[in-house]
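Here is the structure we will look at.
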Amino acid sequence: MHNRVLVTGGAGYIGSHTTVELINAGYEVIVVDNLSNSDRGALEGVRQITGVEPKFIEADCCDRDAMRRVFEEYEFDSVIHFAAYKAVGESVAEPAKYYRNNILSFVTILELMCEFGRKNILFSSSATVYGDADVLPVTELTPRKPATSPYGNTKQMAEDILRDMVAANEHLSGIALRYFNPIGAHPSALIGELPRGVPNNLVPYITQTAAGIRECLSIFGDDYDTPDGSCLRDYIDVVDLAKAHVVAIQRLVDGRNKHRYEIFNVGTGRPVSVFELVRGFEEANSLKLNYKVAPRRAGDVMAVWADTRLANEELGWRAERELYDTLRAAWEWEKHLRQ
Ligand code: NAD
Ligand code: WQD
């Protein structure tokens with residue numbers, strides 16, 4: 001089935017937005033998720049946006065028997081593997097939890113793909129694999145630095161596992177998409193990010209501060225060697241990111257990939273500072289945010305942003321959404337959550 005895709009972690013933040021874009025592009029989507037960091041509301045949101053209810057199987061990708069049943073029951077050529085844990089700090093405190101979930105789930109999926117002769121795999125990698133890069137912006141050929149967290153290590157290891165599995169199985173093709181900093185929400189405000197507890201990431205912290213749930217945003221460091229002293233990142237709208245998955249899957253389905261294992265950066269190519277992002281949020285939503293400058297956060301790199309030429313040229317994809325629109329969508333989603 002060329003137009004059927006198994007989406008693991010499809011009830012999550014990026015997975016739900018990608019499911020919407022896949023359905024909009026004419027794909028039939030089967031979602032597998034164990035709801036460890038999401039709930040069924042995301043799939044209801046997908047239904048409301050697209051008018052289509054994706055098939056949903058509540059299962060753990062590490063559960064080989066459960067996943068085997070999915071492979072036995074459904075014909076599909078392509079898999080997008082989002083299912084993973086993603087909290088960097090938690091991964092430092094509980095590394096085994098991260099190695100078990102992120103690595104075992106992926107190996108299980110890859111083994112079953114080989115056993116059942118399924119062809120195309122898209123993997124969620126991360127800009128975290130670049131670490132503190134020597135040259136900016138980073139290209140796909142920029143050497144990876146040793147990972148600074150178990151989470152980051154799972155992404156490096158998973159990329160290598162994918163490379164080796166593809167090399168050893170000639171019917172298998174894979175793409176690793178290295179996401180930069182995904183932010184925002186669907187413009188409908190029907191799906192978005194669901195941070196549990198105190199958010200680690202900047203934009204959820206901003207929206208929760210604006211909503212009065214957090215008292216004050218701390219800006220981690222204003223003494224970096226950057227134009228305004230705060231860190232630089234490449235913030236990619238989650239809908240743009242979702243669309244990158246659709247073109248990457250289509251490339252594999254059409255056999256247009258140049259190599260059986262490929263890597264693409266998915267970012268805007270534009271560095272944005274923390275101060276710029278805060279100001280952008282205030283202007284886009286006509287509000288004032290309570291913030292203060294705080295010490296640097298351990299483990300933060302000063303700056304990282306993407307060279308996106310490979311994705312632009314090979315995938316025919318580029319980020320389109322304006323940062324203001326993204327920050328407006330982030331706020332609309334936060335308000336929707338509080339209704
Ligand atoms: P998310 O937590 O919202 O989504 C992950 C989904 O996978 C959740 O619905 C969770 O319930 C599910 N899941 C986790 N382990 C599972 C398992 N063993 N079996 C079945 N389901 C499982 O996270 P997200 O932000 O949508 O991230 C998706 C992917 O992208 C992850 O692999 C993440 O590491 C990667 N990524 C995220 C970011 C980011 O900043 N959000 C950046 C780079 C890469
Ligand atoms: C962005 C900037 C902070 C919170 C993380 C993961 C990375 C990837 C994306 C998965 C930094 C500053 C933040 C706050 C702040 N995820 N900040 N106050 O650290 O770039 O990347 O998410 O793969 O692996 O590490 O994202 O949103 O946490 O921080 O000043 O309360 O905002 O210092 O400069 P980060 P982030």
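Heavy atoms only: backbone and side chains are in, while hydrogens, waters and symmetry mates are out. Indexing begins at 1, ligand by ligand and atom by atom, following the structure's order.
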Just by distance, no angles: are the side chains of [X] and [Y] close enough, under 3.5 Å, to form a donor-acceptor pair?
X    : Y    : value
Y291 : E282 : no
E21  : Y27  : no
N120 : S173 : no
T308 : N312 : yes

Provide, to 0.1 Å, the distance between [atom] and the closest protein heavy atom, together with that atom's residue and name.
atom                    : answer
atom 26 (O) of ligand 2 : N181 ND2, 3.1 Å
atom 19 (N) of ligand 1 : C61 N, 2.9 Å
atom 12 (C) of ligand 2 : V274 CG2, 3.9 Å
atom 18 (N) of ligand 2 : S218 O, 2.7 Å
atom 33 (O) of ligand 2 : D300 OD2, 2.6 Å
atom 29 (O) of ligand 2 : R297 NH2, 3.4 Å
atom 30 (O) of ligand 2 : F220 N, 2.9 Å
atom 1 (C) of ligand 2  : Y235 OH, 3.5 Å
atom 3 (O) of ligand 1  : Y13 N, 2.8 Å
atom 10 (C) of ligand 2 : Y151 OH, 2.9 Å

Do [X] and [Y] have their ring centres less than 6.0 Å from each other?
X    : Y    : result
Y235 : F180 : no
F76  : F71  : yes
H245 : Y179 : yes

Is it the case that atom [atom1] in [X] sees more than 12 heavy atoms from other parts of the structure closer than 6.0 Å?
X    : atom1 : value
E170 : CD    : no
R296 : CZ    : yes
E322 : CD    : no
R318 : CZ    : no
R256 : CZ    : yes
D225 : CG    : no
E215 : CD    : no

Step by step, work out the side chain to side chain donor-acceptor pair (under 3.5 Å) result for H81 and S124.
CA-CA 6 Å; H81 184 61; S124 300; over 6 Å; no
Side chain, backbone, both or neither: [X] near ligand 2, heavy atoms under 4.0 Å:
X    : answer
N201 : both
Y224 : neither
L217 : side chain

Tell me whether [X] has any N or O atom under 3.5 angstrom from an N or O of ligand 2.
X    : value
C231 : no
V88  : no
Y205 : no

Heteroatom proximity flag, [X] to ligand 1, N/O under 3.5 Å:
X    : answer
C62  : no
S126 : no
I14  : yes
P182 : no
S38  : yes
Y179 : no

Should one rank D33, T8, N37 by closest heavy-atom distance to atom 1 (P) of ligand 1, which comes out on top?
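Nearest option to atom 1 (P) of ligand 1, by heavy atoms: N37.
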Name the option, out of N34, V266, T18, that contains the heavy atom nearest to atom 22 (C) of ligand 1.
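Comparing heavy atoms across N34, V266, T18, the nearest one to atom 22 (C) of ligand 1 lies in N34.
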Which atoms of ligand 1 are found less than 4.0 Å from any heavy atom of [X]?
X    : value
S36  : 10 (C), 11 (O), 13 (N), 14 (C), 15 (N)
L35  : 11 (O)
A11  : 9 (O)
Y151 : 33 (C), 34 (O), 35 (C), 36 (N), 44 (C)
A59  : 19 (N), 20 (C)
D60  : 17 (C), 18 (N), 19 (N)
S124 : 29 (C), 30 (O), 32 (O), 35 (C)
G9   : 6 (C), 7 (O), 12 (C)

Which is it for [X] and ligand 1 at heavy atoms under 4.0 Å: side chain, backbone, both or neither?
X    : answer
K155 : side chain
A42  : neither
S125 : backbone

Hey, is the main chain of T139 close enough, under 3.5 Å, to the side chain of Y130 for a donor-acceptor pair?
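Yes: the side chain of Y130 pairs with the backbone of T139.
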Only heavy atoms of I219, strictly under 4.0 Å: list the atoms of ligand 2 that pass.
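The list of qualifying atoms is 30 (O).
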Run the numbers for me: atoms of ligand 2, each under 4.0 Å from some heavy atom of T128, listed by number.
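Contacts of ligand 2 toward T128, numbered from 1: 24 (O).
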With under 30° as parallel and over 60° as perpendicular, where do the rings of W333 and H336 fit, or are they tilted in between?
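Judged by the thresholds at 30° and 60°, the geometry between W333 and H336 is parallel.
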Among all residues two or more places apart in sequence or in another chain, which pass the side chain to side chain contact (heavy atoms under 4.5 Å, CB included) test with E332?
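Expected list: A189, K335.
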Between E72 and R69, does any side-chain N to carboxylate O distance fall below 4.0 Å?
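R69 and E72: not salt-bridged.
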For A127, is the nearest heavy atom under 4.0 Å from an atom of ligand 1?
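Contact check A127 vs ligand 1: negative.
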Verify ring-ring contact (aromatic ring centres under 6.0 Å, His included) between Y151 and Y85, making sure each step is shown before the conclusion.
CA-CA 8 Å; Y151 168 74; Y85 295 146; over 10 Å; no
Would R233 count as a contact of ligand 2 if the rule is a heavy atom under 4.0 Å away?
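The answer is yes: ligand 2 sits under 4.0 Å from a heavy atom of R233.
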Does at least one non-hydrogen atom of F275 fall below 4.0 angstrom from an atom of ligand 2?
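No heavy atom of F275 comes that close to ligand 2.
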Any side-chain heavy atom of V7 sitting closer than 4.5 Å to one from L22?
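Yes, their side chains come closer than 4.5 Å.
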So V239 and P187, do their side chains get closer than 4.5 Å, heavy atoms only?
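Answer yes - side chains close enough.
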